[in-house]
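Lettering follows sequence order; numbering is per chain, from 1.
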Amino acid sequence: MRKYFGRKIFVYALTFFAAVTINWMIPRLMPGDPIKSRLARASLNDAGAAEALYGYFNKMFGLDLPLWQQYLNFWVSLFQGDLGISIWNFPTPVIDLILGAVPYSLGLLLPSIILSWLVGNWFGAYAARSKWLDNTILPIGYILTATPYMWLALLLAWSLGIVAGLFPAAGSYGLSLQPAFTWTFISSLLEHWFLPFLSLFLVALGGWAIGMRNMIIYELESEYSNYLQALGAPRRLIRKYAFRNAMLPQLTGLAVQLGTVVAGALLTEIVFSYQGLGYLILQAIQNQDFFLLQGTFLFIVIGVLIANFIIDIVYALVDPRVRVQMQGGAK
Amino acid sequence: MTAAQPLPDPTTAPEEPAVATPKAPRLEALYFALRNPKLVVGLSIVLLFLLVGLVVPPFLEHTPGERYAPPLLPPSAEHWFGTTQFGQDLFTQFVYGIRSTFLVGFLGGGIAAVIGMTIGFVAGYKGGWIDEVLNMLTNVVLVLPTLAVLFIIAAYVDSYGVVTQSFFIGMTSWPWAARAVRSQALSLSSRDFVDLARLSGVRPWKIIVRDIAPNMSSYLFMTFILLFGGAVLAAAGLDFVGLGPNDGMSLGLIMHQAVKWGALQLGVWWWFVPPGLGITAIVGSMYVMNVGLDEVFNPKLREM
Amino acid sequence: MTLEVSDLRVYYRTLRGDVRALDGPTFTVADGEIMGLAGESGSGKSTLSKSLIRLDGRMRYIGGSVTLDGDEMPIWDDRAMDEFRYKRVSIIPQYAMSAMNPTRKIGKMIAELLESRGVRFRDVRDELHRRLELVELERDVLDRYPLELSGGMKQRTVMVISTLLNPSLLIADEVTSALDVSTQRAVAETLVEFRDREFVKSMIVVTHDISLVYQIADTIMVMYGGRLAEKASAKTIIEMPKHPYTKMLLDSLPEVGVKYEDKRLSGIPGSPPGLLNPPQGCRFRDRCPLADKQCLEQPPFVEVESDHHVACWKAE
Amino acid sequence: MLKFDRVTKVYKVGAFGGGEFTAVRDASFEVRPGEVVSLIGESGSGKSTLGKMALRIASVSKGKITCDGIDVSTLRGHRALKDYYRKVQGVFQDPFSSYNPIFKADRVFSMIREEYYPEVSQSEWQDRVAEALKVVRLDPNQVLGKYPHQLSGGQLQRMLLARALLLDIDYLVADEVISMLDASTRIDVLNLLADLKARGMGILFVTHDLALGNYISDQTVILYKGEIVERGVTEKVFSDPRHPYTKKLFASVPQFHKKWEEVEAELRAKEAADTSTHPYHLEEGQEVPSELVQVSEGHYVQPFHRRAAV
């Protein structure tokens with residue numbers, strides 16, 4: 001048990017370390033004075049802000065210090081939750097902006113990931129049943145996975161949002177509303193949530209359906225399936241076993257795909273001007289707000305790592321083989 | 001496990017006596033390839049797009065950025081795909097965009113394939129601590145959310161071209177390929193013919209290139225196709241947020257401009273529908289083609 | 001007679017045509033008989049054993065009939081065969097080590113399998129425990145996953161599962177070929193014990209190892225090139241074989257105690273015929289030193305002595 | 001002489017090599033030129049590992065393997081290994097897996113030529129190949145230019161023996177070489193090994209089949225769970241097995257003409273008749289030493305507890 005998780009945690013720690021180091025290194029790798037070039041590129045109209053920022057940057061970067069000291073300082077401020085100050089939304093600390101955006105991103109991601117995984121697996125298992133289903137579900141699945149997230153989002157926003165007028169095509173809630181625990185606000189929130197959710201859900205769905213279909217064919221060919229068939233077990237039982245066993249690699253697949261889905265969510269948020277992390281990223285890019293960009297990046301990495309770890313735990317709980325091995329029970 | 005090393009078992013040999021197979025396996029693959037609708041349809045669409053991207057641009061009068069027509073014209077005989085708010089011809093943009101889509105796919109997918117396969121082969125063949133280290137590296141890059149990393153990198157680079165973009169994409173999208181190739185190479189490495197090549201005094205890299213890789217060529221090809229698709233989608237994402245190459249035209253960039261200049265609100269669907277459709281068609285056909293290839297090379301799937 | 005097989009033909013479909021893997025064997029297996037089915041690869045022995053319980057995707061039923069305890073088995077109809085499977089004809093597969101669902105506890109899997117076949121688990125649980133005990137397994141294997149068992153334990157568990165419903169006919173398909181000699185013996189002897197205790201009425205033990213079936217079988221049937229070559233009591237096959245193939249095969253097998261320097265054995269020259277377009281007449285013709293014109297015609301599988309069937313013109 | 005001197009192989013298992021598994025422990029024996037040594041054991045006994053170590057495909061953890069006095073594990077670099085493989089070669093169990101399926105089967109010859117004899121002219125090389133094929137009784141017209149799947153297992157194994165002959169080797173490691181062949185053609189390949197022995201080759205014949213080992217070997221080594229429990233001149237080991245495991249092995253081999261019960265009864269009777277105490281009988285509680293004890297001239301057994309059950 002300790003070994004399984006120890007190894008996983010080690011990889012995640014290493015990944016986090018790599019992400020932080022990338023974050024630290026990239027601005028320093030660029031030619032020229034990073035502070036000057038940053039400020040020059042930032043669209044600041046307030047002279048006082050520029051000065052304040054220059055001082056802040058200098059302290060933060062500490063370019064006069066030796067490299068290892070700079071690196072160490074970077075880590076220290078990171079652990080203090082200090083990700084810098086936003087340029088785009090001066091002088092809000094980056095961490096506040098991110099914490100404000102995270103719930104929206106999670107609200108989109110969690111339901112779409114979980115639902116697309118469940119429904120996609122179900123469709124895939126269904127497809128493996130007959131040639132006819134296979135030939136209809138499969139191409140649709142392939143078209144869906146090949147769809148760029150933002151394009152499907154655009155299509156939905158345009159067709160269901162603007163042309164049909166069924167759902168709002170932009171924003172996270174009505175412009176006139178203030179966040180509150182009221183029915184009007186919540187229903188507005190849900191209305192705005194639906195289209196971005198749907199587009200994320202649909203694109204991810206295709207991949208899961210295809211993956212499950214392939215896995216289940218493999219399982220149906222396996223020797224335990226053969227044995228059950230030779231003993232006259234009904235197809236229902238054999239499919240049930242195959243489905244359960246095919247779910248396990250699909251769970252691993254979920255961990256691998258997580259990064260892609262998160263990226264898709266960022267793009268989808270941009271299309272819908274949905275105020276999650278993706279929207280922050282767009283603002284950061286358009287306003288050359290590098291602190292915001294880096295901070296958001298770190299948060300995304302942390303989120304993905306946590307999600308991976310949760311999947312690992314679930315996997316260990318679901319697959320008896322991992323469990324047995326962890327107990328050292330195998331002879 | 002007591003049954004770790006199964007004893008020889010002649011019955012696992014195919015029931016059909018081996019002597020009775022005079023036809024080369026390659027011909028058989030071709031036979032099935034031509035009869036596989038998925039492969040044929042997928043390949044045709046991909047080739048059609050490739051042809052358009054390669055052949056059409058020289059015949060076009062205008063460059064993709066040129067503002068010469070009335071703005072926001074819907075599709076017509078004159079402007080097949082309509083025009084942008086600035087009077088640029090969208091068909092021209094689309095055709096050039098296809099070009100760069102294929103370029104990113106080939107380069108990005110190619111670089112990722114080279115890195116992934118090299119790491120996969122070395123890890124799978126060498127084993128031991130080399131495998132451990134490479135595995136660790138693979139896992140770390142695998143867990144990193146690729147597009148987010150690309151955002152960071154691209155945001156800091158002032159100006160760059162399609163080739164650089166492909167390079168960035170290639171550098172970040174190889175891990176799953178490395179993993180897949182590793183496990184295949186690992187199982188092939190345990191085959192006796194690899195040991196025999198060692199006993200013939202053949203150097204390791206030569207064994208990998210000449211004995212192991214050719215045995216999984218169809219698998220490698222399919223891996224490349226998937227990497228190609230991934231690279232195209234990643235590039236589209238980068239272009240869409242405005243972090244794409246500064247020169248040239250791409251399908252993602254068309255969508256970026258469409259959103260930036262309010263095509264959605266204006267209902268100018270011809271501005272953002274065709275580019276996405278183009279990407280979906282190219283990548284989707286490649287995926288479908290891949291299934292076809294899988295069925296051709298994998299007799300088990302063929303029966304379905 | 002438990003099993004009567006008559007002119008059974010099962011072919012493999014390939015691109016280049018039908019591979020005539022099983023070309024018209026006719027034979028019977030008596031009540032209580034353990035029949036060893038021996039043959040080299042490509043002899044059709046696995047095709048025969050599979051045909052009796054389940055044709056795989058590439059196998060095509062061409063003709064002939066199979067009767068079990070007087071009832072014809074619809075071996076061409078996968079669904080209809082389900083009635084017979086497990087309850088009347090069962091198999092211990094070659095892949096016993098991986099025959100059990102890796103993610104289900106063994107007991108649960110057995111229960112689900114039984115319930116799905118309309119048998120109440122409760123009704124057979126005690127018998128299941130007794131039989132596990134018989135093969136020297138603890139009852140708690142039922143609470144374990146296949147992964148937790150050693151290879152030999154898995155093998156024994158599958159043997160118990162396969163015979164739990166007391167089928168008339170049991171097919172043991174190369175069950176010992178993946179085992180060590182010491183385990184091999186135990187497994188083979190368990191098969192005999194299952195018959196003696198009437199868990200199964202009769203049994204076909206498929207193997208490429210003729211010396212192993214000699215140890216446990218009442219009769220031995222030798223196949224060659226998709227057809228039957230010879231069938232007789234185990235002792236007769238080993239000591240007084242009549243078919244030239246059987247004779248030459250036995251002469252090519254070294255026994256413990258035989259040394260190269262003292263007695264140089266020799267194999268059968270040539271190789272088995274391709275079954276895509278098999279040669280006319282006797283399929284052993286090309287490798288047979290006795291072959292002549294007569295052998296251009298297929299020799300019938302006839303009883304030359306009491307309970308000794310041979311398909312050879314030259315068998316006296 | 002191919003000499004195994006207290007050879008031990010420990011595999012690291014699990015992540016970061018957390019666990020250890022000893023596949024072979026303190027194995028000592030030798031293969032002399034012109035001699036067949038059969039290494040008999042069940043799966044997991046470590047017999048194949050010993051063969052692989054001799055071929056340098058697996059490394060030796062402790063002890064050493066020497067070939068004509070040269071420590072095999074000290075061979076460093078490509079050149080040295082190549083020279084070693086000129087003397088020692090291997091043939092493996094699965095003939096179909098020994099050939100790269102996408103190339104023609106005679107590629108095993110051209111690899112040898114490329115690496116060892118690039119200077120030999122095409123026509124001379126063809127003569128050499130033909131000569132080697134003649135020794136293994138293959139017709140060049142029947143096997144050259146064919147893909148592995150067009151040839152039979154027996155033909156493929158013979159080609160591998162021919163390949164070894166092209167290098168003019170001194171020692172051959174034959175790892176279960178005939179166990180996957182059809183019964184009717186097995187013996188011919190076995191006879192071929194005996195012919196090679198007559199040409200002065202030393203052969204390490206790895207097998208799980210006692211009858212085969214007995215048929216061609218001069219020396220027999222019985223391996224159980226990585227340890228040698230009995231070894232010696234084949235006739236002596238076979239006619240007078242001492243170790244309980246060897247006996248059990250003999251009692252389990254299916255034979256013709258003799259049923260298991262008979263063999264077992266014979267062994268029992270012999271054991272009952274022999275009441276004397278031998279130096280290889282251990283006292284209760286005494287540890288099993290790794291050194292073997294001599295039973296008679298050229299016959300050694302690992303000491304065991306008298307009533308030990310394996």
Short question: side chain of D/Asp188, backbone of C/Gly267 - any donor-acceptor pair under 3.5 Å? yes
Between the main-chain N or O of D/Ile216 and the side-chain N or O of C/Lys259, is there a donor-acceptor pair closer than 3.5 Å? no
Is C/Asp262 in contact with chain D via its backbone, its side chain, both, or neither, using a 4.5 Å heavy-atom distance? neither
Any D/Glu42 side-chain heavy atom under 4.5 Å of C/Ser182 side chain: yes
Quick one: do C/Arg185 and D/Glu264 satisfy salt bridge (Lys or Arg N to Asp or Glu O under 4.0 Å)? Show the steps, please. CA-CA 12 Å; C/Arg185 178 175 174 187; D/Glu264 198 169 329; 2.6 Å; yes
Surrounding CD of C/Glu193 (heavy atoms of other residues, nucleotides or ligands, distance under 6.0 Å), is the total greater than 12? yes
What's the shortest heavy-atom distance between C/Ser252 and D/Ala183, and which atoms? OG-O, 3.6 Å
Measure the CG-OH distance between D/Asp218 and C/Tyr260 for me, rounded to the nearest 0.5 Å. 11.5 Å
Between D/Tyr215 and C/Leu265, is there a donor-acceptor pair closer than 3.5 Å when you use the side chain of the first and the backbone of the second? yes
Carefully, step by step, assess D/Thr185 and C/Ser271 under the rule side chain to side chain contact (heavy atoms under 4.5 Å, CB included). CA-CA 8 Å; D/Thr185 53; C/Ser271 51; 5.9 Å; no
In terms of heavy-atom proximity below 4.5 Å to chain D, should C/Leu249 be classed as side chain, backbone, both, or neither? side chain
C/Glu136: partners by salt bridge (Lys or Arg N to Asp or Glu O under 4.0 Å), with sequence neighbours left out: none
Per-residue contact mode, D/Ser239 against chain C (heavy atom under 4.5 angstrom): neither
Nearest heavy atoms of D/Ile187 and C/Ser266, plus distance in Å: CG2-C, 3.3 Å
Engaged part of D/Glu235 at the chain C interface, taking heavy atoms whose separation is under 4.5 Å: side chain
Taking atom NZ of D/Lys146 as the centre, report whether more than 12 heavy atoms of other residues, nucleotides or ligands fall under 6.0 Å from it. yes
Honestly, the part of C/Ala188 sitting under 4.5 Å from a heavy atom of chain D is side chain
Could you have a look at C/Glu189, C/Arg264, C/Met248, C/Lys235 and say which one has the most heavy-atom pairs with chain D under 4.5 angstrom? C/Arg264
Pairwise distance CD(C/Glu255) to CG(D/Leu210) - rounded to 0.5 angstrom: 12.5 Å
Please indicate whether C/Glu261 has more than 12 foreign heavy atoms, meaning atoms of other residues, nucleotides or ligands, lying under 6.0 Å from its CD. yes
So which of C/Arg287, C/Gln215, C/Glu40 has the biggest tally of heavy-atom pairs under 4.5 Å with chain D? C/Gln215
Contact listing (chain C partner; residues 251-261 of chain D; heavy atom under 4.5 Å): D/Ala251, D/Ser252, D/Val253, D/Pro254, D/Gln255, D/Phe256, D/His257, D/Lys258, D/Lys259, D/Trp260, D/Glu261
State the OH-OG distance between C/Tyr245 and D/Ser184, to the nearest 0.5 angstrom. 5.5 Å
Return the option, out of C/Ile210, C/Ile238, C/Thr183, with the maximum number of heavy-atom pairs under 4.5 Å with chain D. C/Ile238
Is it the backbone or the side chain of C/Lys263 that comes under 4.5 Å from a heavy atom of chain D, or both, or neither? backbone
Tell me, yes or no, whether the heavy-atom count around D/Glu266 atom CD, taken from other residues, nucleotides or ligands under 6.0 Å, exceeds 12. yes
Where does C/Glu239 contact chain D at under 4.5 Å (heavy atoms): side chain, backbone, both or neither? side chain
If we only count heavy atoms from C-beta on, is the C/Pro254 to D/Leu212 side-chain gap below 4.5 Å? yes
Look at the side chain of C/Asp180 and the backbone N and O of D/Ser43, then say whether any donor-acceptor pair between them is shorter than 3.5 Å. yes
